[in-house]
Visitor: 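Once you've had a glance at the structure underneath, I'll fire off some questions.
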Amino acid sequence: MSDTTTDYYYTKTIDLSPDEAEARVREELEEEGFGVLTEIDVQATLKKKLDEDMRPYMILGACNPPYAHKALEAEDKIGTMLPCNVIVQQSDDGRTEVAAVDPVASMQAVDNEALRPIAEEIRDRLRRVIDRI
C-alpha cells in the first residue's frame, strides 16, 4: 500500500479489486457520516457514449449532511463544489487507487473564513476514510 497527499487530493493504492475497494470505501464513508449522492461509472459511460474502452473508474459523490448544511449556511454558492468526490480506479499495475478531494484546497478559491473549519473537518474525515481502507 502507498499513501500520497497532493495539493488537491489524498490517495492510497491498495491490493483489492475495484469492486472490493468501492465496497470498503462506501462502508468507511458511512462510518464517517457520509452518504453517496452520486455515482458515475466512467468506464461504462465512455463505452456507451464514445465506444471507448477504459479501466474501471468510479466517481462517488459523498456528502456529510450536517457539514454540507453548515457550509451552505456560511456560503450559499458553495453548492457548486459539492458533493465531495471520491474516485476508485484500477491502476496500471492491477492494484486499485482510491482518492478523495481535499476540500480545504478547493475552498481556498472562496473568500470566506467561516468555511475553513468546515472544510478542515471534512478533509480530516475523508482522510480517515482513505487511511482505513
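Everything quoted here is computed from the prediction, not taken from an experiment. We count residues from 1, following the sequence as given.
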Visitor: Between Y57 and D41, do the side chains contain a donor N or O and an acceptor N or O under 3.5 Å apart?
Guide: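 Checked: D41/Y57 side chains show no N/O donor-acceptor pair below 3.5 Å.
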Visitor: Evaluate side-chain contact (heavy atoms from CB on, under 4.5 Å) for E22 paired with L60, printing each intermediate quantity in order.
Guide: CA-CA 9 Å; E22 182 183 335; L60 304 174; 4.1 Å; yes
Visitor: What distance separates E32 CD from I122 CD1, expressed to the nearest 0.5 Å?
Guide: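 One finds 9.0 Å between CD of E32 and CD1 of I122.
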Visitor: Can you name the nearest heavy-atom pair linking A99 to Y9, along with the distance?
Guide: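 Looking at all heavy atoms of both residues, the shortest contact is CB-CD1, 4.1 Å.
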Visitor: For residues R95 and I14, report the shortest heavy-atom separation together with the two atoms involved.
Guide: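 Nearest pair, atom of R95 first, then I14: CB-O, 3.4 Å.
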Visitor: Looking only at heavy atoms, what is the nearest atom pair of F34 and A62, with distance?
Guide: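 Heavy atoms only, the tightest pair is CD2-CB, 3.9 Å.
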Visitor: Is the number of heavy atoms from other residues, nucleotides or ligands under 6.0 Å of D93 CG greater than 12?
Guide: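 Yes, because the 6.0 Å sphere around CG of D93 holds more than 12 heavy atoms from other groups.
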Visitor: Return all side-chain donor-acceptor pairs below 3.5 angstrom for residues 78-87, not counting sequence neighbours, or 'none' if the list is empty.
Guide:
| unit_1 | atom_1 | unit_2 | atom_2 | d |
| --- | --- | --- | --- | --- |
| T80 | OG1 | K77 | O | 2.9 |

Visitor: Contact between I59 and E39 at the side-chain level, heavy atoms closer than 4.5 Å - yes or no?
Guide: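 Result no, sub-4.5 Å side-chain heavy-atom pair not found.
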Visitor: Indicate, with yes or no, if V25 and V36 share a hydrophobic cluster defined by side-chain heavy-atom contacts under 4.5 Å among Ile, Leu, Val, Met, Phe, Trp and Tyr.
Guide: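 Cluster IDs for V36 and V25 match.
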Visitor: Between Q90 and T96, do the side chains contain a donor N or O and an acceptor N or O under 3.5 Å apart?
Guide: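 Looking only at side-chain atoms, Q90 and T96 do not form any donor-acceptor pair under 3.5 Å.
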Visitor: Does R132 reach the main-chain N or O of R127 with its side chain, forming a donor-acceptor pair under 3.5 Å?
Guide: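 No, the answer is negative, given that no donor and acceptor are paired below the 3.5 Å cut-off.
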Visitor: Quick check: does any side chain N or O of K12 sit under 3.5 Å from a backbone N or O of D131, one acting as donor and the other as acceptor?
Guide: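 The answer is yes, because a donor-acceptor pair under 3.5 Å joins these two groups.
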Visitor: Between Q43 (side chain only) and M54 (backbone N and O only), is there a donor and an acceptor less than 3.5 Å apart?
Guide: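 Checked: pair present.
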Visitor: Does the side-chain contact (heavy atoms from CB on, under 4.5 Å) test come out yes or no for Q89 and M58, once each step is laid out?
Guide: CA-CA 6 Å; Q89 69 171 319; M58 180 70 73; over 6 Å; no
Visitor: Which pair of non-hydrogen atoms, one from R24 and one from I133, has the smallest distance, and what is that distance?
Guide: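 Shortest heavy-atom separation between R24 and I133 comes out as NH2-CA, 3.3 Å.
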Visitor: Roughly how far apart are L46 CG and R55 CZ, rounded to 0.5 Å?
Guide: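 That separation rounds to 10.0 Å.
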Visitor: Is the shortest distance from a Lys or Arg side-chain nitrogen in R26 or E30 to a carboxylate oxygen in the other one below 4.0 Å?
Guide: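 Salt bridge absent between R26 and E30.
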Visitor: Could you work out, with side chain to side chain contact (heavy atoms under 4.5 Å, CB included) as the rule, every residue matching A23, not counting sequence neighbours?
Guide: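 Result, side chain to side chain contact (heavy atoms under 4.5 Å, CB included) vs A23: none returned.
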Visitor: In Å, rounded to the nearest 0.5 Å, how long is the span from CD of E120 to CE of M107?
Guide: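 Nearest 0.5 Å value for the CD-CE distance: 11.5 Å.
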Visitor: Rounded to the nearest 0.5 Å, what separation is found between the CZ atom of R123 and the OH atom of Y10?
Guide: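 Between R123 CZ and Y10 OH, I get 11.0 Å after rounding to 0.5 Å.
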Visitor: How close do P18 and V88 get, heavy atom to heavy atom, and via which atoms?
Guide: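 Closest approach of P18 to V88, heavy atoms only: O-CG1, 3.7 Å.
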Visitor: Going from CG on L126 to CG on D102, what distance comes out if it is rounded to the nearest 0.5 angstrom?
Guide: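 Answer for the CG-CG pair, L126 versus D102, is 8.5 Å.
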Visitor: Indicate yes or no for a side-chain donor-acceptor contact from S17 to the backbone of E20 under 3.5 Å, with no hydrogens or angles considered.
Guide: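 Yes, S17 side chain to E20 backbone: donor-acceptor pair under 3.5 Å.
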Visitor: Indicate the atoms forming the closest heavy-atom contact of D53 with K47, along with that distance.
Guide: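 D53 and K47 have their closest heavy atoms at OD1-NZ, 2.9 Å.
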Visitor: Identify, with sequence neighbours excluded, every residue that meets side chain to side chain contact (heavy atoms under 4.5 Å, CB included) alongside N112.
Guide: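 With sequence neighbours excluded, N112 shows a side chain to side chain contact (heavy atoms under 4.5 Å, CB included) to A74, E75, V110, A114, L115, given in chain and number order.
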Visitor: Working to the nearest 0.5 Å, report the span between CD1 of I118 and CD of E121.
Guide: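 Output value for this atom pair is 10.5 Å.
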Visitor: Stepwise, does the side chain to side chain donor-acceptor pair (under 3.5 Å) test hold for E97 with T11?
Guide: CA-CA 7 Å; E97 179 187 22; T11 185; 2.7 Å; yes
